[in-house]
Amino acid sequence: MAQELVLTLPDGAERRVPAGTTSRAVAEAIGPRLSKAALAARLSGAIVDLDRPLTAAGPFELLTEKDPDALAVLRHSCAHVLATAVRRLFPEAGIGFGPAIEEGFYYDFDVPRPFTPEDLERIEAEMRDVVRADESFVREEVEREEAARRFAGDPLKLERLAEIRDDEVISIYSDGRFSDLCRGPHVPSTGRIRHFKLLHAAGAYWRGDERRQVLQRIYGTAWFSQEDMDRYLRRLEEAKRRDHRILGRQLDLYSIQEDVGPGLILWHPKGAMLQFQLRRFIEDLVLERGYELVSTPHLTREQLFVRSGHLPLYAANQFPAIAAGEGEGEEVRYRVKPMNCPMHVLIYAAQQRSYRDLPLRLAEIANVYRNERSGALHGMLRVRGLTMDDAHIFLRPDQIEQEIYELLDLTDFVLRRTFGVEYRLDLATRPPQKLGGDEAWDAAEQALTAALERRGINYRLDQGGGAFYGPKIDVKFNDAIGREWQGTTIQLDFQLPERFELEYTGADNRPHRPVMIHRAIFGTLERFIGFLIEHFAGAFPLWLSPEQVRVLPISDTQLEAGRALHARLRAAGIRAHLDARNETLNYKVRDGELMKVPYLAVIGAREAEAGTVAVRVRGADVKQAVMTQDAFLDRLASDVRARARVP
RNA sequence: GCUGACGUAGCUCAACUGGUAGAGCGGCUGAUUUGUAAUCAGCAGGUUAAGGGUUCGAGUCCCUUCGUCAGCUCCA
């Protein structure tokens with residue numbers, strides 16, 4: 001006697017079906033068009049296969065291509081098709097995991113030899129075959145023993161199987177002869193996957209653990225329409241043109257040279273100008289906001305990092321010690337600093353502090369060096385020589401919330417209001433291994449949360465993602481090829497004040513321990529500038545542009561007039577260059593545009609005569625506007641002053 | 001650090017299965033005097049990342065080191 005289920009459709013209508021009815025049957029009952037378009041169903045928020053018998057009532061919805069979640073289902077199914085094809089061509093291949101990811105999917109295989117590009121072509125062709133065969137994805141629920149028997153030849157799957165709890169369902173999905181231990185859901189059959197492409201293969205540790213074996217991971221992408229896929233592939237191409245490593249060379253901003261070493265940036269004049277402008281900007285800003293600037297050495301006795309607790313934990317990321325003789329033949333070991341905090345702590349400790357002095361905000365734009373693993377280095381985004389816009393704030397516990405609130409405002413001013421960057425915040429809370437009592441952590445996490453709430457901004461909770469010494473708020477951004485990097489960071493620290501026994505005298509005339517905040521708004525100038533290059537695609541706003549105006553005399557006859565304008569611009573503090581080369585105007589305009597100079601100031605016979613200038617605005621539709629030189633200078637000056645995001 | 005691919009002129013790229021290292025752009029010189037995305041010509045520029053090996057002969061095949069790229073791991 002089948003029990004009846006009540007399904008609530010998206011339009012509010014209710015539909016009564018006997019328990020055990022499939023979503024496909026419901027779709028067919030609603031209409032033939034829907035049943036053809038349906039890929040899966042969503043019951044009470046969970047996505048289920050179309051052919052899965054329904055056993056519970058609740059809000060019910062059929063997933064078609066229009067549903068954003070459908071794409072993930074499609075991609076996961078495509079990963080199975082990939083595995084199916086690999087197994088046909090390489091029957092001995094062990095299978096790992098094959099999930100859908102942001103814009104595609106991957107599958108990990110245990111094979112004796114890595115896949116070559118030719119292999120990928122063969123595999124893709126084989127996948128088309130699987131798709132053509134239109135095999136149904138069949139779901140089975142099995143007992144543990146049965147699953148163990150079915151995957152006896154697949155040690156990786158057995159390892160996963162062992163982790164499935166007894167109260168969980170063990171399901172197997174098969175398409176044709178290929179079966180996978182998988183939770184699902186899937187599209188009804190392989191024929192539903194039409195537009196896909198394998199992108200590349202790379203090694204990946206089994207379960208992300210570098211002590212385990214390396215599997216061969218194949219990445220691919222899948223879409224509902226050819227147009228969507230073409231758009232995606234075009235976007236990948238587009239992104240390459242924004243890549244800071246390519247623009248950095250084209251615009252002559254920086255280089256990294258083997259003679260100096262990996263991860264060490266040589267800032268060319270134009271890149272250095274970007275850095276200089278950002279430094280000036282942030283230093284002025286923090287001085288307005290109650291910070292004081294300090295400056296500390298690149299080297300310190302190793303002992304300092306022992307006391308701070310960094311050395312035992314952080315040694316792998318520090319460059320080896322430098323030995324230096326001192327006094328009676330004693331050897332003293334020095335370290336290049338990977339961070340500034342211990343030195344700023346010593347500045348705090350150099351005198352007695354009163355509760356009235358707090359918060360004490362010490363800021364320093366400092367070069368630090370970290371021995372990052374070679375494989376992690378990436379242009380300006382991950383380097384070994386870093387320029388941090390660092391600050392350490394010493395404060396009373398009751399001041400945390402207000403200070404964090406102000407820091408969030410500073411962050412917003414810099415990222416959004418100045419650079420037009422829309423960002424996302426992560427609140428990272430206590431990790432399993434931590435220092436300090438739960439009471440302090442509770443208070444700190446509450447203070448951070450309260451500050452975030454008070455600003456009314458969205459944030460993502462990164463449970464357990466905090467540092468061992470305190471919770472933190474981070475800003476993450478994506479680079480041109482979609483990878484995520486950390487920029488701004490605001491970290492609470494209870495640990496360092498303990499280790500250095502920092503104190504301040506309270507209103508009660510008794511010693512108290514301050515709390516510390518580590519914070520970097522840009523993060524590092526290397527990473528931030530790398531990010532800005534990609535954000536602006538090299539077309540920096542006027543105030544930041546290394547070259548703001550290029551003066552182009554049309555012919556030698558106007559050279560003197562050009563020189564005069566150039567001199568006026570320079571006298572007005574504008575970074576201007578004169579293109580006196582013996583070339584056509586077309587050539588010089590093209591070069592100026594390619595170098596992404598905000599304004600090209602053309603001086604021909606007419607302008608020289610009238611004392612005007614023909615201004616070409618970078619990238620604008622309106623190619624030129626003739627104006628007086630005074631008007632041009634005024635406009636430049638006010639846009640620079642306002643740090644306007646022009647042109 | 002690990003897995004794989006790659007490394008030819010300042011840049012982008014050629015050089016069939018081992019057989020004389022080339023082109024375009026850029027640079028320099030000259031001619032041209034240019035009105036909004038490349039004027040023309042000539043010249044210079046390479047120990048093919050470095051080192052070793054195989055071979056009559058290596059950019060090409062093998063080994064080592066360095067570096068780059070993608071992914072993994074880790075982080076500003």
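Every heavy atom of this structure was used, including side-chain atoms; hydrogens, water molecules and symmetry mates were not. Being a predicted model, the structure only gives us computed values, none of them experimental. Quick note on labels: first sequence line is chain A, next is B, and so on, each numbered from 1.
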Using the side-chain contact (heavy atoms from CB on, under 4.5 Å) rule, pick out the option among T524(A), I265(A), L532(A), I256(A) that qualifies with M380(A). I265(A)

Identity of whatever pairs with [N] - Watson-Crick or G-U, under 3.5 angstrom:
| N | result |
| --- | --- |
| C74(B) | none |
| C66(B) | G7(B) |
| A23(B) | U12(B) |
| A38(B) | none |
| G46(B) | none |
| U54(B) | none |

Rounded off to whole Å, could you give me the [atom1]-to-[atom2] distance for the [X] and [N] pair?
| X | N | atom1 | atom2 | result |
| --- | --- | --- | --- | --- |
| L199(A) | A5(B) | CG | P | 19 Å |
| H268(A) | G10(B) | NE2 | P | 14 Å |
| Q250(A) | G26(B) | CD | P | 14 Å |
| Y106(A) | U3(B) | OH | C1' | 15 Å |
| D474(A) | A76(B) | CG | C1' | 9 Å |
| D591(A) | U36(B) | CG | C1' | 14 Å |
| I282(A) | A76(B) | CD1 | P | 18 Å |

Roughly how many Å apart are [M] and [N], using the [atom1] atom of each and rounding to a whole number?
| N | M | atom1 | result |
| --- | --- | --- | --- |
| A15(B) | U60(B) | C1' | 10 Å |
| A58(B) | U48(B) | P | 11 Å |
| G59(B) | G51(B) | P | 13 Å |
| G45(B) | G10(B) | P | 12 Å |

Taking every non-hydrogen atom, the tightest pair across G379(A) and Y254(A): CA-OH, 4.2 Å

What pair of heavy atoms forms the shortest contact from P647(A) to L542(A), and how long is it? CD-N, 4.3 Å

Does any donor-acceptor pair link the side chain of R616(A) with the base of A37(B) at a separation under 3.5 Å? yes

Hey, are T387(A) and Q275(A) close enough side-chain-wise for a donor-acceptor pair under 3.5 Å? no

Just checking, is any N or O donor in the side chain of R289(A) or Y291(A) under 3.5 Å from an acceptor N or O on the other one? no

Side-chain ion pair, [X] and [Y], N-O less than 4.0 Å:
| X | Y | answer |
| --- | --- | --- |
| E593(A) | R590(A) | no |
| E403(A) | R519(A) | no |
| R207(A) | D209(A) | no |
| E372(A) | R382(A) | yes |

By the 4.0 Å heavy-atom rule, please label [X] as base, sugar-phosphate, or nothing.
| X | value |
| --- | --- |
| V368(A) | nothing |
| G592(A) | nothing |
| L552(A) | nothing |

Between R249(A) and U12(B), does any side-chain N or O lie under 4.0 Å from OP1 or OP2? yes

So which protein N/O to nucleotides 33-35 of chain B N/O distances come out below 3.5 Å?
| unit_1 | atom_1 | unit_2 | atom_2 | d |
| --- | --- | --- | --- | --- |
| U33(B) | O2 | D556(A) | N | 3.1 |
| U33(B) | N3 | D556(A) | OD2 | 2.9 |
| U33(B) | O4 | D556(A) | OD2 | 3.0 |
| U34(B) | O2' | L585(A) | N | 3.2 |
| U34(B) | O4 | N582(A) | OD1 | 2.2 |
| G35(B) | O6 | A605(A) | N | 2.8 |
| G35(B) | O6 | R606(A) | N | 3.0 |
| G35(B) | N1 | E607(A) | OE1 | 2.8 |
| G35(B) | N1 | E607(A) | OE2 | 3.4 |
| G35(B) | N2 | E607(A) | OE1 | 3.2 |
| G35(B) | N2 | E607(A) | OE2 | 2.6 |

Would you mind building the protein contact string for nucleotides 65-75 of chain B? One character per nucleotide, 5' to 3', B for base within reach (heavy atoms under 4.0 Å), S for sugar-phosphate only, - for untouched. -BSSSSBBBBB

Give a yes or no answer on whether the side chain of R370(A) reaches the backbone of L386(A) with a donor-acceptor pair at less than 3.5 Å. no

Begin from the C-alpha positions of F115(A) and F90(A) and carry the test ring pair (Phe, Tyr, Trp, His ring centres under 6.0 Å) through to its verdict. CA-CA 11 Å; F115(A) 296 113; F90(A) 306 87; 5.4 Å; yes

Of E526(A) and Y587(A), the one whose closest nucleotide on RNA chain B sits nearer the 5' end is Y587(A)

